[in-house]
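Worksheet: the structure to be examined is printed underneath.
Sequential numbering from 1 along the given sequence is applied to the chain's residues.
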Amino acid sequence: MKNAVQRLGKFLSAMVMPNIGAFIAWGFITALFIAAGWLPNERLSAMVSPMLSYILPVLIAYQGGKLMGGDRGGVMGAIAVIGVICGAPDYPMLMGAMVIGPFAGWVIKKFDNFMADKMPAGFEMLINNFSVGILGMLIAILGNYLIAPFMAGVLTALTAGVDVLVNAKMLPLSAIFIEPAKVLFLNNAINHGIFTPIGTLQVETAGKSIMYMLETNPGPGLGVLAAYWAFSKDKVTKDSAPGAIIIHLFGGIHEIYFPYILMNPVVIIAPIVGNICAITFFTITKAGLVGPPAPGSIIAMLAMSPKGAGTVITIAGVAIAAVVSFLIAAPIVKMSGNKSLEAAQAAKDAMKAEAKGMAAPVAGANVATKDIKKIIFACDAGMGSSAMGATKFRKRIQDLGLGITVTNTSVDTVPADANVVVCQGILADRARKSAPQARIVTLANFLADPNLDAFYEELKAVANGSAPVEPAAQAAAPAKKSGKAELVEAGVKVGLAPVGKFEAIKAAGELMVSLGYVDPAYVPAMEQREKIASVYMGMGVAIPHGTSEAKGTVKKSGIVVMQYPEGVDFGDEKAQLVIGIAGVGDEHLDILANISEAIEDEDLLEELKTTSDVQKILKTFC
């Protein structure tokens, strides 16, 4: 259900986002030249209505038709939307364009598929041109009589609903739904599918709309990031927050703060309350913007603020949201302990995804590092965090001289020649469906992430002529067992009494020492690794191992399994299986893949947490 809504939101944004420049132009013309604008000009203000009534709907319908049926679908959408526009001349038919454009593209696509093997030779151009003209005309008529009145009714009902909420002073409560939806990457569905069309209608009648300010306000996220910057006990998270603040506030890429909430979900209370306060302030001051701020940065919001006190009100609303969000998030972050952005999100999400079967083998997913020619950074809409991530990584690998193309796109439209897709863990399943041929690298933070760092090291190894044949991390498919890791009966301990996490890590390390896998110096390195980033992977499994600096203390690759049926506390989670690992060179990464493959069966995993049968564990992991 969540993925279906995400795809709907992505499709809606895919129709709107390429045309945001037109919305901005319309917003500037409105802000500058209408009678209440900064530079009133009757002649130039005459452009406002045609752009709203015709240009914007036609552009959206063309894009929607093109997404469904290519260039011919785009032309069909542009033809068909005129019927909708003329069928409801009193309403800006942005929502109507979002419906009839894709429908028209779908119709011509079906027609082309039907005619693919039936086209008479020499009649191709005649049939192609007449089919678009005739079908476009018919759908335009359909739109005029059916879709236009229906969409006008929908828009009227939605607008009336908003008016009721405003009059009842309940509009601020919309933040209860908006903020969680944003974190689940549903912001495009609510923003471009609902708020922008309603806001556009309100601008036509009132000159501004508060709807443009509900989802795009950067204040709530700013408060969360500031709280992590001030009070996070994890160094990586703390150090990444300032850069995230700049990108979020001035770049308008809200996705940058989503992982900070996902790592500690109770923090979501902060942006909810912050946005409630901001919307309340905007409602009291009768605030509004003249156009959609895209992206949702402070710069874009100020640019779309109306003349006079509008700019001051906008800044105040953003500040209110930020301060309230910070005051609520700060104690939560401060009391949350040493939670790691990477460990709590990337590692945990990756493990859960694999354990739930989302990492099933797919054709071509085992891409050797030396064969990588194109890397795609993907996010929901393909225009926010992915663009920033691609820019940073492109610069990072520039000096390696590998000739690799690094670009960005929507997670649902990854090109077929992509070798690697880099995306947030929450989008990994969509990435695999979009690019079954590619290796998936999941991460929590585009600014600093251990998975991305590990991937960079692989590419660096290729540049230095010492790359492994296989990728270091098989995020897209379970790896085959390498047979290099040793697990013996003496390395499995079951029915252990619960202890502290560092005691459990130490016990696993000392067992590996006794079995001859590592030197004693490896044990404190395992404890240090937990301090840097938690080794708890999720699903009741922790996999302690040493830091990269301790590789020299590994004698041979091996694993030990420590079972604690009552669980060992790792922060807010309990680990029933503490699996110590040590690998020669990069072999420990293969061992991780073996473990993931072995425990992807949830029923089996639950059995392993409590069984007293040592042979069962040996058979599972060997």
Using a 3.5 Å cut-off and no angle test, enumerate the donor-acceptor pairs between side-chain atoms of residues 60-67 and protein atoms at least two apart in sequence or in another chain.
none

Contacts under 3.5 angstrom, residues 289-298 side chains, donor-acceptor by atom type, not counting sequence neighbours:
unit_1	atom_1	unit_2	atom_2	d
S297	OG	I299	N	3.4
S297	OG	A300	N	3.1

Can you list, pair by pair, the side-chain donor-acceptor contacts under 3.5 Å of residues 81-88, counting residues two or more places apart and other chains?
none

Listed pairs under 3.5 Å, donor-acceptor, residues 309-324 side chains, sequence neighbours left out:
unit_1	atom_1	unit_2	atom_2	d
T314	OG1	S305	OG	2.8
T314	OG1	G310	O	3.0

Give every donor-acceptor pair under 3.5 Å between a side-chain atom in residues 216-228 and any protein atom, sequence neighbours left out.
unit_1	atom_1	unit_2	atom_2	d
T216	OG1	Y212	O	2.5
N217	OD1	G219	N	2.8
Y228	OH	Y260	O	2.7

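Using a 4.5 Å heavy-atom threshold, the side chains of V422 and F393 count as separate. In this structure the side chain of L56 never reaches within 4.5 angstrom of the side chain of P92, judged on heavy atoms. Looking only at side-chain heavy atoms (C-beta outward), I139 and I100 come within less than 4.5 Å of each other. Side-chain contact between I198 and S209: absent, with no pair of heavy atoms (C-beta onward) separated by less than 4.5 Å. Side-chain contact check for M211 versus L214: some heavy-atom pair is nearer than 4.5 Å. Side chains of P180 and I272 form a contact here, defined as non-hydrogen atoms less than 4.5 Å apart. Residues K182 and Y257 have side chains in contact (heavy-atom distance under 4.5 Å, counting atoms from C-beta outward). Counting only heavy atoms from C-beta outward, the side chains of F150 and V99 never approach each other to under 4.5 Å.
Within the structure, salt bridge (charged side-chain N to carboxylate O under 4.0 Å, His left out) contacts touching residues 99-115 (residues at least two apart or in different chains) are R72-D112. Applying the side-chain hydrogen bond (donor to acceptor under 3.5 Å, both in side chains) test to residues at least two apart or on different chains, the pairs with a partner in residues 270-281 are E179-N275. Pairs of residues two or more places apart, or lying in two chains, that qualify as side-chain hydrogen bond (donor to acceptor under 3.5 Å, both in side chains) and include a residue from residues 140-158 are Y91-T156. For residues 27-42, no residue pair satisfies the salt bridge (charged side-chain N to carboxylate O under 4.0 Å, His left out) rule, not counting sequence neighbours.
Within the 3.5 Å criterion, the main-chain N or O of K286 finds a donor-acceptor partner in the side chain of K208. Formation of a donor-acceptor pair under 3.5 Å by the S325 side chain with backbone atoms of G274 is not found in this model. Remark: the backbone N or O of I127 is paired with a side-chain donor or acceptor of S131 at under 3.5 angstrom. Without hydrogens or angle criteria, S53 side chain to P50 main chain gives no donor-acceptor distance under 3.5 Å.
Residues that satisfy the ring pair (Phe, Tyr, Trp, His ring centres under 6.0 Å) test with F282, not counting sequence neighbours, are absent from this structure. For L142, the side-chain contact (heavy atoms from CB on, under 4.5 Å) test picks out F103, L146, with sequence neighbours left out. For D417, the side-chain hydrogen bond (donor to acceptor under 3.5 Å, both in side chains) criterion is met by K374, not counting sequence neighbours.
In the displayed structure, M115 atom CE is contacted under 6.0 Å by more than 12 heavy atoms of other residues, nucleotides or ligands. Within 6.0 Å of OH on Y54 lie no more than 12 heavy atoms contributed by other residues, nucleotides or ligands. Counting non-hydrogen atoms of neighbouring residues, nucleotides and ligands closer than 6.0 angstrom, the CH2 atom of W26 exceeds 12 such neighbours.
Scanning both residues, L52 and P57, for their nearest heavy atoms gives O-CD, 3.3 Å. Here the closest non-hydrogen pair linking A416 and Q437 is O-NE2, 3.2 Å. The minimum heavy-atom distance between I210 and Q202, with the atom names listed, is N-OE1, 4.1 Å. Contact between P102 and M15 at its shortest, heavy atoms only, is CG-SD, 3.6 Å.
In this structure, CH2 on W229 lies 10.5 Å from CZ on F326, to the nearest 0.5 angstrom.
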